[in-house]
Peer 1: 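Please read through the structure below; I'll follow up with questions.
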Amino acid sequence: MRILVVEDDPALRLGITRTLQAEGWQVDAVTDGEYALAATATESYDAAVLDLGLPRRDGFGVLQHWRGAGHDLAVLILTARDELPDRLRGLNAGADDYLAKPFEPEELVARLRAVTRRRLGSASNLLAVGALQFNTDSRELRLRDERLPLTPREAALIELLMASPGTAVPKSRIVSAMSSWEANFSPNLVEIYILKLRRKLVDAAADVAIVTVRGVGYAMEPA
Ligand code: CA
């Protein structure tokens with residue numbers, strides 16, 4: 001999952017970024033509303049953590065622009081105080097949920113999980129293909145009862161493939177989901193990660209296969 005953090009307070013921005021990265025998510029962080037719009041104009045995000053009080057263009061303006069342009073990323077707004085008018089205005093402008101400062105890192109992660117799950121229309125945190133199950137909350141991959149260890153990037157790749165079994169995931173989408181500005185992900189690395197995952201699945205005798213869809217990308221299918 002790739003997340004945009006929009007927060008002008010440097011300490012808070014860094015804290016949120018580190019918290020979300022620790023969950024294995026790819027995070028880009030920007031300091032104001034104009035940078036937020038520039039980021040979503042060129043990159044594709046699953047979710048945004050959006051502060052309301054921002055320089056240049058405030059969070060309401062960013063949100064209105066996103067929704068007006070049809071961006072369907074999940075948006076969690078941060079309000080400085082637990083003020084009803086701000087919350088209502090944000091929710092009316094298309095935010096999925098809000099969090100009042102100060103907040104605990106655990107609550108931020110839990111709210112973000114909930115809003116992205118809602119927006120993806122999925123009631124469950126389990127993705128399944130054949131006997132393979134991936135838990136999008138704990139980031140654990142299990143084959144029947146056996147846990148298969150994954151690196152955070154392998155988990156990101158498995159999540160993408162298992163979210164739409166039998167459908168080719170474009171290579172560009174994989175690169176975008178596995179990149180952040182802090183750690184760029186070269187398209188050449190996709191093949192290396194696919195090879196690693198295939199080997200893990202074969203070694204575990206999983207009943208699924210990652211097939212190459214020529215000129216498009218990769219798809220996971222029951223074997
Ligand atoms: Ca602020």
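Remember, it's 1-based here, ligands and their atoms both numbered in the order they're listed. Being a predicted model, the structure only gives us computed values, none of them experimental.
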Peer 1: With sequence neighbours left out, what residues match Phe134 under ring-ring contact (aromatic ring centres under 6.0 Å, His included)?
Peer 2: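 Phe134 satisfies ring-ring contact (aromatic ring centres under 6.0 Å, His included) with no other residue.
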
Peer 1: So, Leu52 and the Ca ion (ligand 1): N/O/S under 3.0 Å, yes or no?
Peer 2: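 Checking the Ca ion (ligand 1) against Leu52, no N, O or S atom falls under 3.0 Å.
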
Peer 1: Less than 4.5 Å apart, any side-chain heavy atom of Tyr218 and any of Val190?
Peer 2: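 Yes, at least one pair of side-chain atoms sits under 4.5 Å.
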
Peer 1: May I ask you to decide if Ile210's main-chain N or O and Arg198's side chain share a donor-acceptor pair within less than 3.5 Å?
Peer 2: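 Here the side-chain-to-backbone pair exists.
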
Peer 1: Using only N, O or S atoms, tell me which atom of Asp51 is closest to the Ca ion (ligand 1).
Peer 2: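 The Ca ion (ligand 1) is closest to the Asp51 atom OD2, counting only N, O or S.
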
Peer 1: For the Ca ion (ligand 1), find the closest N/O/S atom belonging to Asp8 and write down its atom name.
Peer 2: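 Going through the N, O and S atoms of Asp8 one by one, OD1 ends up nearest to the Ca ion (ligand 1).
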
Peer 1: Treating Asp207 as the side-chain partner and Gly130 as the backbone partner, does any N or O pair qualify as donor plus acceptor under 3.5 Å?
Peer 2: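 No: the side chain of Asp207 does not pair with the backbone of Gly130.
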
